[in-house]
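The structure follows.
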Amino acid sequence: MDIFASNKRSQQNKSKWEALHKKSADESVRTTPSYAIKRIYESLELIQTQSITVNTLEIGCGFGRNLHYLITHGFSDNYVGIDQTDIAISKSKELLSDYQQKGIVQLIKANAAGDLPFPDAHFDCIFDIMSAITFIPDEAVRVAYFNNVVRLLKPGGAYFFLAVSSQAVFNDKVVDATLDEPGLFKRKFDNMIEKAYSEEELKRYLAGLSACCLDVVSEHTRAFGDEKFERENGFWFGCFTKEI
């Protein structure tokens, strides 16, 4: 059973996410690299697994722009991208078809909080740029998501993320009294529910990892428009690592 199916809010977010992918698919495939993926690439030294073969997982791969950037810059040996929408996997396969044929990248439709088809301690690097980490409105699902991250990461591995900060004040935020959990809000332009995290929450959810960096930043490049998405001090850029 799909873990999202048990909660109406999660289903609504998933439907909006699918619609957003379909709408964007009418445009040319988005390829502009984001601030966060550039910074992940520049942080390769934080991965301390000493693996012969380095494996990287992107949660919420969208149309594949982040994986394309890392592959073309030689970040690791093997890559996996997961996304919960058919259109995202289809478009990412178009962008990454050459690398897929060479066996460098695997693209899978999957729920990041569900039963992922990988053994424990499989990935040297896991990253999520404003994807599942931001758009899971339910606590139980969020716990399952973070448990998967900790389980799948190798000792010495690094989990990178860009997520909304609860410290931020920004004008595209709509407070909804029906959202009864701290940190939940709707964004104005499509009413998708986002989760804003405090520092304490992130450290609690990722208790199996150690915070390497947790910086407040303002910039994000939206996957569905190639434009910069500015929320002053609106995001956490984080890296948590697993003890060797």
Side-chain angles (χ1 to χ4, degrees), residues 3 34-61 66-67 69-71 73-84 104-108 110-136 139-166 183 195-217 235-244:
I3 196 166
S34 68
Y35 155 85
I37 199 63
K38 292 179 180 178
R39 186 162 174 187
I40 290 170
Y41 172 70
E42 293 166 357
S43 303
L44 184 60
E45 74 280 356
L46 297 179
I47 301 171
Q48 299 290 322
T49 54
Q50 305 298 313
S51 300
I52 296 174
T53 301
V54 177
N55 299 323
T56 293
L57 169 67
E58 179 176 14
I59 297 173
C61 63
N66 297 319
L67 289 172
Y69 183 86
L70 294 183
I71 291 169
H73 285 75
F75 182 78
S76 64
D77 300 296
N78 299 306
Y79 305 82
V80 175
I82 64 171
D83 202 288
Q84 63 174 337
I104 296 172
V105 62
Q106 183 181 10
L107 300 163
I108 303 171
N111 184 331
D115 294 326
L116 297 179
F118 311 107
D120 294 356
H122 185 70
F123 293 101
D124 304 80
C125 174
I126 300 173
F127 69 95
D128 181 339
I129 298 175
M130 288 286 289
S131 188
I133 191 172
T134 299
F135 295 101
I136 301 177
E139 173 68 7
V141 182
R142 205 174 302 121
V143 169
Y145 164 87
F146 284 109
N147 285 346
N148 268 343
V149 169
V150 175
R151 177 183 71 81
L152 292 173
L153 204 60
K154 293 179 184 178
Y159 168 60
F160 297 95
F161 59 87
L162 188 72
V164 184
S165 168
S166 62
K195 166 64 178 174
Y197 294 88
S198 67
E199 179 177 351
E200 292 73 21
E201 282 180 306
L202 288 168
K203 289 180 177 179
R204 173 170 56 83
Y205 285 124
L206 292 164
L209 308 179
S210 299
C212 185
C213 75
L214 192 58
D215 299 335
V216 176
V217 299
F235 308 107
W236 293 113
F237 177 85
C239 176
F240 281 59
T241 57
K242 195 169 188 177
E243 185 177 352
I244 298 175

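Here the structure is a predicted model, which is why all the values come from computation and not from measurement. Position 1 is the first residue of the sequence; numbering continues from there.
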Stepwise, does the side chain to side chain contact (heavy atoms under 4.5 Å, CB included) test hold for Leu67 with Leu107? CA-CA 10 Å; Leu67 289 172; Leu107 300 163; 3.9 Å; yes
Parallel, tilted or perpendicular: which describes the rings of Phe146 and Tyr205, with under 30° parallel and over 60° perpendicular?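 Correct class here is parallel.
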Straight-line distance of Trp236 CH2 to Ser198 OG, nearest 0.5 Å: 8.0 Å
Check: Phe161 ring centre within less than 6.0 Å of Phe240 ring centre: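 They qualify: ring centres under 6.0 Å apart.
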Whether Lys242 side chain and Val150 backbone form a donor-acceptor pair below 3.5 Å: yes
Give the minimum heavy-atom separation between Pro119 and Leu152, together with the two atoms involved.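 Result for this residue pair: O-CD2, 3.5 Å.
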Do you know which two heavy atoms are closest between Ala132 and Tyr145, and how far apart they sit?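 Closest pair (atom of Ala132, atom of Tyr145, distance): CB-CE1, 3.7 Å.
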Nearest heavy-atom contact between Pro155 and Ala121 is CD-CB, 4.1 Å
Are any non-hydrogen side-chain atoms of Ile47 and Phe75 less than 4.5 angstrom apart? yes
Salt-bridge contact Glu199-Lys203 (side-chain N to carboxylate O under 4.0 Å):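 A salt bridge is present here (some side-chain N lies under 4.0 Å from a carboxylate O).
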Please find the pair of heavy atoms, one from Met130 and one from Phe135, that lie closest to each other, and give the distance. O-CE1, 3.4 Å
From CD1 (Ile126) to CD1 (Ile82), nearest 0.5 Å: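 Reported to 0.5 Å precision, the distance equals 9.0 Å.
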How long is the gap from OH on Tyr159 to CG on Leu206, to the nearest 0.5 Å? 6.0 Å
Side chain to side chain contact (heavy atoms under 4.5 Å, CB included) with Gln106: which of Asn55, Val80, Leu57, Asn78? Val80
Hey, is Arg39 close enough to Glu42 for a salt bridge, meaning N to O under 4.0 Å?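 So Arg39 does not pair with Glu42 through a salt bridge.
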Is any side-chain heavy atom of Phe123 closer than 4.5 Å to a side-chain heavy atom of Thr49?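 Phe123 vs Thr49: side chains apart.
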Inter-residue atom distance Asp77.CG - Thr53.OG1, 0.5 Å rounding: 5.0 Å
Go through the structure and list residues passing side chain to side chain contact (heavy atoms under 4.5 Å, CB included) with Ser76, not counting sequence neighbours.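 Result, side chain to side chain contact (heavy atoms under 4.5 Å, CB included) vs Ser76: Val54, Thr56, Tyr79.
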Approximate separation, where rounding is to 0.5 Å, of Lys154 NZ and Ile244 CD1: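 The distance works out to 12.0 Å.
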Inspect the surroundings of CG in Asp115 and state if more than 12 heavy atoms from other residues, nucleotides or ligands are less than 6.0 Å away. no
With a 4.0 Å cut-off on N to O distance, would you call Lys195 and Glu201 a salt bridge?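 So Lys195 pairs with Glu201 through a salt bridge.
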Name the residue from Asp128, Ile129, Thr134, Ile133 that meets the side chain to side chain contact (heavy atoms under 4.5 Å, CB included) definition with Ser131.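 When Asp128, Ile129, Thr134, Ile133 are each tested with Ser131, the side chain to side chain contact (heavy atoms under 4.5 Å, CB included) holds only for Asp128.
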Less than 4.5 Å apart, side chain to side chain, heavy atoms only: is that true for Ile59 and Val149? yes
Over all atoms of both residues, closest heavy-atom pair of Pro117 and Ile108: CG-CD1, 4.4 Å
Minimum heavy-atom separation for Phe160 and Cys239, please, with both atom names. CE2-SG, 3.4 Å
Partners of Ala207 by side chain to side chain contact (heavy atoms under 4.5 Å, CB included), sequence neighbours excluded? none
In chain order, what residues pass the side chain to side chain contact (heavy atoms under 4.5 Å, CB included) check against Asn148, with sequence neighbours excluded?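 Per chain and number, Asn148 pairs via side chain to side chain contact (heavy atoms under 4.5 Å, CB included) with Leu116, Arg151.
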Distance (rounded to the nearest 0.5 Å) between Phe235 CZ and Ser165 OG: 10.0 Å
